[in-house]
Protein chains: 2
Amino acid sequence: MTDVKRPKDQLKAHIRAQNQTLILETSERVFARQGLAKTTTQMIADEAGLPKANVHYYYRSKKDLLEAVLERILRLWLDSVSEFNAAEGPRINLTRYISEKIDQSRSNKNASKIFAMALIGEETFVLEYLRNLFVTELSREKVTIQEWVEQGLMAPVSTEHLFISIWAMTQTYADFDAQVKIMLQKDELEKSDYEEAKHFITRMVLVGCDVKD
Amino acid sequence: MTDVKRPKDQLKAHIRAQNQTLILETSERVFARQGLAKTTTQMIADEAGLPKANVHYYYRSKKDLLEAVLERILRLWLDSVSEFNAAEGPRINLTRYISEKIDQSRSNKNASKIFAMALIGEETFVLEYLRNLFVTELSREKVTIQEWVEQGLMAPVSTEHLFISIWAMTQTYADFDAQVKIMLQKDELEKSDYEEAKHFITRMVLVGCDVKD
DNA sequence: GTCTATAGGGAGATAGAC
DNA sequence: GTCTATCTCCCTATAGAC
């Protein structure tokens with residue numbers, strides 16, 4: 001075991017990283033399009049331009065591959081949503097939070113759908129992630145909201161139900177986009193549709209929670 | 001073709017109806033628990049206490065069976081949600097609508113999950129149903145809301161985004177109940193959790209849309 | 001690391017006796 | 001209508017040559 005790698009090892013590591021990224025990105029598309037169970041490793045291999053055996057070389061089983069895809073999604077997700085900054089008050093923070101969540105639904109629709117499919121299927125991997133997220137991140141946001149309530153900056157609403165609602169409203173534009181398209185009678189959602197969603201949801205939350213500042 | 005049936009035919013029809021109901025009810029449970037693609041006709045047969053061939057006798061293919069399950073779900077659903085009564089004004093109507101949707105999430109969780117799974121998988125059957133629903137029902141509700149806005153009874157919000165949000169918030173307690181349980185740190189959701197959800201969502205919608213009466 | 005060929009296991013669906 | 005046995009297909013996963 002050494003940190004010094006010979007050129008050959010570096011090359012191998014590079015090939016490995018490149019192939020893994022290719023497989024993960026392709027899997028994300030195929031899983032989102034076909035559904036988790038209907039997706040076959042053959043489909044992924046074909047779309048990635050690789051023999052099926054190579055996919056299994058990098059990810060022993062389909063389950064391993066799905067978990068790798070989920071892990072990658074969740075890591076990128078966490079980085080793209082800001083934490084609350086208590087000093088700025090609820091208006092700025094909630095507005096930013098909703099905006100970022102809707103942007104996520106738009107720019108990362110596939111990731112969002114895969115997460116939703118895994119969640120509705122109660123995949124252990126996702127449930128564990130959520131349990132952990134609750135302990136590390138959300139409990140902090142919860143305290144912040146309670147501070148704002150005590151300072152009279154917003155109505156004393158249930159923090160849990162508030163988060164559940166914001167997630168539901170913002171994710172629905174990615175997860176159930178087929179339904180949204182029918183409602184809006186459009187073949188594809190445009191940037192303006194997402195902006196209107198942002199505007200509507202932000203208004204409902206801010207006014208609905210009686211946010212002062 | 002005659003309306004008069006001989007006793008033998010009546011018996012057969014009875015057996016048929018009974019078995020079909022048994023299969024549909026069992027399928028609803030299994031589909032919701034296992035996911036649509038992971039469910040096998042064998043699982044359904046076992047849980048219903050029938051040989052697999054009998055399931056295929058009544059529903060030629062798995063796809064036919066899923067569509068029959070969806071059709072049954074949607075028929076029961078439509079009957080359990082009231083239409084808007086314009087004269088009563090937005091407060092009563094929106095409160096009742098949210099309450100009925102949450103009750104549905106609680107009492108018919110399996111149906112809700114199957115619908116969500118079919119929708120996220122963009123099953124043609126469900127998309128067609130929604131398109132039809134939009135034409136027959138929702139366009140009427142939309143007009144009603146616009147009347148209320150004109151009468152100054154509520155703020156001029158986007159009807160489409162309002163419906164999308166109410167659906168998202170109420171359905172999430174059924175479809176993603178695993179996530180809700182983690183958030184609320186409970187092993188099972190109780191009646192009081194659903195009542196709190198109702199209370200929170202109703203408040204956000206009524207205050208958020210500036211509903212006067 | 002790459003790839004062909006194949007093992008091994010079920011799944012959906014049906015034939016045909018009762 | 002019921003049920004056993006079976007066909008056929010295709011999926012995951014791996015062995016083994018290159």
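Just so it is clear: chains get the letters A, B, ... in the order the sequence lines come, proteins before strands, and each one is counted from 1.
Side-chain atoms of Ala53(A) lie closest to dA15(D) of the nucleotides dC3(D), dT2(C), dA15(D). Taking only side-chain atoms of Tyr58(A), from C-beta outward, the nucleotide of dG1(C), dT14(D), dT2(D) with the closest atom is dG1(C). Nearest to the side-chain atoms of Lys12(A) among the listed nucleotides dG1(C), dT4(D), dG1(D) stands dG1(C).
Rounding to whole angstrom units, CG of residue Asn54(A) and P of dC3(C) are separated by 5 Å. In this structure, Ile15(A) places its CD1 atom 15 Å from C1' of dC3(C), rounding to the nearest Å. Between the P atom of dT2(C) and the CD atom of Gln18(A) lies a distance of 10 Å, rounded to the nearest Å. If you take CG of Leu11(B) and C1' of dT2(D), they are 14 Å apart, rounded to a whole angstrom. Rounded to whole Å, the distance from OH on Tyr57(A) to P on dG1(C) is 4 Å. One interatomic measurement links the two molecules: CG of Asp64(B) to P of dG12(C), which rounds to 13 Å at whole-angstrom precision. Whole-Å rounding puts the His14(A) NE2 to dG1(C) C1' distance at 14 Å. Atoms CG (Asp46(B)) and P (dC3(D)) sit 13 Å apart, rounded to a whole Å.
Of the listed residues (Leu65(B), Asn19(B), Ile73(B)), just one forms a side chain to side chain contact (heavy atoms under 4.5 Å, CB included) with Leu24(B), and that residue is Leu65(B). Applying side-chain hydrogen bond (donor to acceptor under 3.5 Å, both in side chains) to Asp193(B) and the options Lys181(B), Arg106(B), Lys186(B) leaves one that passes, Lys186(B).
Taking every heavy atom of residues 20-27 of chain A and every atom of DNA chain D, no pair lies under 4.0 Å.
Regarding contacts with the backbone of dG1(C), a side-chain N or O of Arg16(A) is found under 4.0 angstrom from either OP1 or OP2.
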Test salt bridge (charged side-chain N to carboxylate O under 4.0 Å, His left out) applied to Asp175(A) and Lys109(A), step by step: CA-CA 7 Å; Asp175(A) 306 341; Lys109(A) 187 171 286 191; over 6 Å; no
Please test Lys38(A) against Glu123(B) for salt bridge (charged side-chain N to carboxylate O under 4.0 Å, His left out), starting from the C-alpha separation and ending with a verdict. CA-CA 13 Å; Lys38(A) 278 189 196 160; Glu123(B) 292 275 339; 3.8 Å; yes
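Residue-level contact check: Tyr59(B) touches neither bases nor backbone, having no heavy atom under 4.0 Å from any strand.
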Scan nucleotides 7-12 of chain D against the protein and return all N/O pairs shorter than 3.5 Å with their distances rounded to 0.1 Å.
unit_1: dT12(D); atom_1: OP1; unit_2: Thr39(A); atom_2: O; d: 3.4
unit_1: dT12(D); atom_1: OP2; unit_2: Thr41(A); atom_2: N; d: 3.1
unit_1: dT12(D); atom_1: OP2; unit_2: Thr41(A); atom_2: OG1; d: 3.2

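When only modelled atom types and interatomic distance are considered, Lys62(B) and Thr41(B) share no side-chain donor-acceptor pair under 3.5 Å. For the residue pair Lys142(B) / Thr159(B), no side-chain donor-acceptor distance below 3.5 Å is found, with atom types taken as modelled. A donor-acceptor contact closer than 3.5 angstrom links the side chains of Asp46(A) and Gln42(A). Checked by atom type, the side-chain pair Ser112(B)/Gln104(B) shows no donor-acceptor distance below 3.5 Å. Between the side chains of Tyr173(B) and His161(A), at least one donor N or O sits under 3.5 Å from an acceptor N or O.
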